[in-house]
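In each ligand, atom 1 is the first atom listed, and ligand 1 is the first ligand listed.
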Amino acid sequence: MKVIERIKKSNGNPMFSFEIIPPLKGNDIQTIYNSIDPLLPFNPSFINVTYHREEFTYKQREKGYLEKISMRKRPGTVAICAAIYNKYKIDTVPHLICGGFNKEETENALIDLQFLGIRNVLALRGDPIKTESHFLPTQGGHSYAVELVSQIASMNKGVYLDEDIKGATPTDFSIGVAGYPEKHFESPNMAVDMKYLKDKIDAGAEYIITQLFFDNQKFFKFVEKCREYGIHVPILPGIKPITQLKHITFMPKFFHVELPETLTHELLKCKSDQQVMQTGVDWAVQQSRELLAAGMPGIHYFTMGRSEAVSQILKQAW
Ligand code: FAD
């Protein structure tokens with residue numbers, strides 16, 4: 001079922017969903033199942049699977065030569081989505097990004113998804129790859145997520161890239177997009193970010209999943225701002241528990257979010273990894289309780305391949 005239909009049919013009962021990342025190349029699909037199994041008792045509404053584009057590395061060769069190698073370290077997004085649906089009959093949401101795809105490759109990826117019976121896509125731009133200082137679109141590809149949303153929305157109307165294709169079968173995707181309670185790091189301010197978020201909705205996106213955040217007040221303000229800017233689609237808050245001390249610096253650096261002082265204060269007092277995880281879980285439990293009490297349509301958890309912390313949060317907050 002499409003995510004948007006699930007939200008509409010939930011009748012105010014909040015939905016639990018989560019995101020997983022494909023395993024590193026060389027690992028078995030069982031690693032994915034191992035991270036899903038502990039969360040099954042909580043009846044997930046859908047599972048997102050992230051997309052990871054190529055990275056460039058240098059390999060030492062004979063006589064000191066360095067060879068530049070392009071490699072996707074975590075392939076398999078579409079296959080994982082199909083495998084999860086096949087095994088558990090739970091709807092999946094593959095992430096589709098602009099980076100690394102030209103428009104025809106995007107079209108073909110969407111045709112694969114349609115043929116597999118996958119009816120959901122989270123449409124994203126993607127981050128710059130490590131060797132780029134800013135995002136560079138692939139030749140013949142999209143520069144911003146809004147363009148990807150438009151392409152999917154066109155296919156949903158039966159319009160493909162080749163204008164000679166007449167009477168094409170329309171695809172049937174529910175399109176989600178990303179939103180940023182603390183604004184996207186490239187945006188000059190929240191107002192500009194809101195304008196572009198609204199463009200994604202006007203182009204055909206039906207719901208928003210937010211970037212992770214640790215301060216609910218920022219999320220509530222973001223929802224208010226969205227409504228002010230005429231964005232009326234459901235907004236699913238994204239929650240990630242802190243599970244390691246290094247997250248204190250990793251989260252701001254990688255996701256451009258702030259950790260509240262009270263949280264860092266508690267984390268820095270911890271004497272063991274176990275205490276850090278407990279503190280992170282406790283914080284996420286409080287966040288979840290408050291979000292549920294505020295009537296959110298659901299909460300989306302980022303597991304990053306580790307379901308133990310999320311399972312503890314669900315036991316305590318739901
Ligand atoms: P956009 O909506 O295109 O916005 C990017 C920036 O450009 C923003 O600053 C925006 O304000 C600005 N902008 C938008 N449109 C225009 C325009 N027309 N003109 C000028 N400026 C514009 N990345 C991955 O690689 N793989 C994943 O699986 C993945 N999953 C994610 C899941 C979630 C829930 C979230 C929140 C993020 C995810 N990301 C993922 C990261 C995402 O790709 C990055 O945050 C990326 O930098 C922006 O993506 P976007 O879709 O929000 O881009």
- Could I get the full list of side-chain hydrogen bond (donor to acceptor under 3.5 Å, both in side chains) partners for E67, not counting sequence neighbours? R61
- Query: Quick check: does any side chain N or O of K89 sit under 3.5 Å from a backbone N or O of N86, one acting as donor and the other as acceptor?
  - Reply: yes
- So which heavy atom in the protein is nearest atom 12 (C) of ligand 1, and how far is it from that ligand atom? Y196 CD1, 3.9 Å
- Query: Counting both backbone and side chain atoms, is some N or O of I209 under 3.5 Å from an N or O of ligand 1?
  - Reply: no
- Message: As an exercise, identify every atom of ligand 1 less than 4.0 angstrom from a heavy atom of Q211.
- Response: 36 (C)
- Taking R6 for its side chain and S45 for its backbone only, find out whether a donor-acceptor pair lies under 3.5 Å. yes
- Item | K87 to Y33 six-membered ring, cation-pi geometry met (6.0 Å, 45°) | yes
- Message: Looking only at distances, can you tell me whether any N or O atom of E19, backbone or side chain, sits closer than 3.5 Å to an N or O atom of ligand 1?
- Response: no
- Task: Could you establish whether V192 and ligand 1 come within less than 4.0 Å of each other, counting only heavy atoms on the residue side?
- Result: no
- Note on the structure: The protein heavy atom nearest to atom 46 (C) of ligand 1 is D127 OD1, 3.3 Å
- Message: Can you confirm if the NZ or CZ of K198 lies within 45° of the ring axis of Y229 and under 6.0 Å from the centre of its six-membered ring?
- Response: no
- Message: Would K200 count as a polar contact of ligand 1, with the cut-off being nitrogen or oxygen pairs under 3.5 Å?
- Response: yes
- Query: Is T50 close to ligand 1, meaning an N/O of one under 3.5 Å from an N/O of the other?
  - Reply: no
- Message: Under 3.5 Å between any N/O of A145 and any N/O of ligand 1: does that happen in this structure?
- Response: yes
- At what distance is the nearest protein heavy atom to atom 36 (C) of ligand 1, and which residue and atom is it? A178 CB, 3.5 Å
- Item | Beyond-backbone contact of F135 with D127, side-chain heavy atoms, under 4.5 angstrom | no
- Item | Heteroatom distance test (Y51, ligand 1): nitrogen or oxygen, under 3.5 angstrom | yes
- Task: Please find out if less than 6.0 Å separates the ring center of F16 from that of F46.
- Result: no
- Within the structure, does at least one protein heavy atom fall under 4.0 Å of atom 4 (O) of ligand 1? no
- Item | E182 side-chain N/O to L212 backbone N/O, donor-acceptor pair under 3.5 Å | no
- So is H95 polar-close to ligand 1, meaning N/O to N/O under 3.5 Å? yes
- Query: Any donor and acceptor pair, going by atom type alone, linking the side chain of N27 with main-chain N or O of L24 inside 3.5 Å?
  - Reply: yes
- Message: Please check this pair: side chain of T279 against backbone of Q275, looking for a donor-acceptor N/O pair closer than 3.5 Å.
- Response: yes
- atom 23 (N) of ligand 1 has as its nearest protein heavy atom G126 CA, 4.1 Å
- Number the atoms of ligand 1 from 1 as they appear, then name those within less than 4.0 Å of a heavy atom of H184, with their elements. 5 (C), 6 (C), 8 (C), 9 (O), 45 (O), 46 (C), 47 (O), 48 (C)
- Task: Would you indicate which of F255, Y144, Y180, F135 comes nearest to atom 49 (O) of ligand 1 when only heavy atoms are counted?
- Result: Y180
- Message: D193 versus ligand 1: do any nitrogen or oxygen atoms come within less than 3.5 Å of each other?
- Response: yes
- To the nearest 0.1 Å, how far is atom 39 (N) of ligand 1 from its closest protein heavy atom, and which atom is that? L124 CD2, 4.2 Å
- Any idea which part of R125 is under 4.0 Å from ligand 1, heavy-atom wise: side chain, backbone, both or neither? both
- Item | Atoms of ligand 1, numbered as shown, that sit under 4.0 Å from any heavy atom of E186 | 6 (C), 9 (O)
- Message: Any carboxylate oxygen within less than 4.0 angstrom of a Lys/Arg side-chain nitrogen, looking at K225 and E228?
- Response: yes
List, one per line, each side-chain donor-acceptor pair under 3.5 Å for residues 246-257, sequence neighbours excluded.
unit_1, atom_1, unit_2, atom_2, d
K246, NZ, Q244, OE1, 3.4
H247, ND1, T243, N, 3.1
H247, ND1, Q244, N, 3.4
T249, OG1, K246, O, 3.2

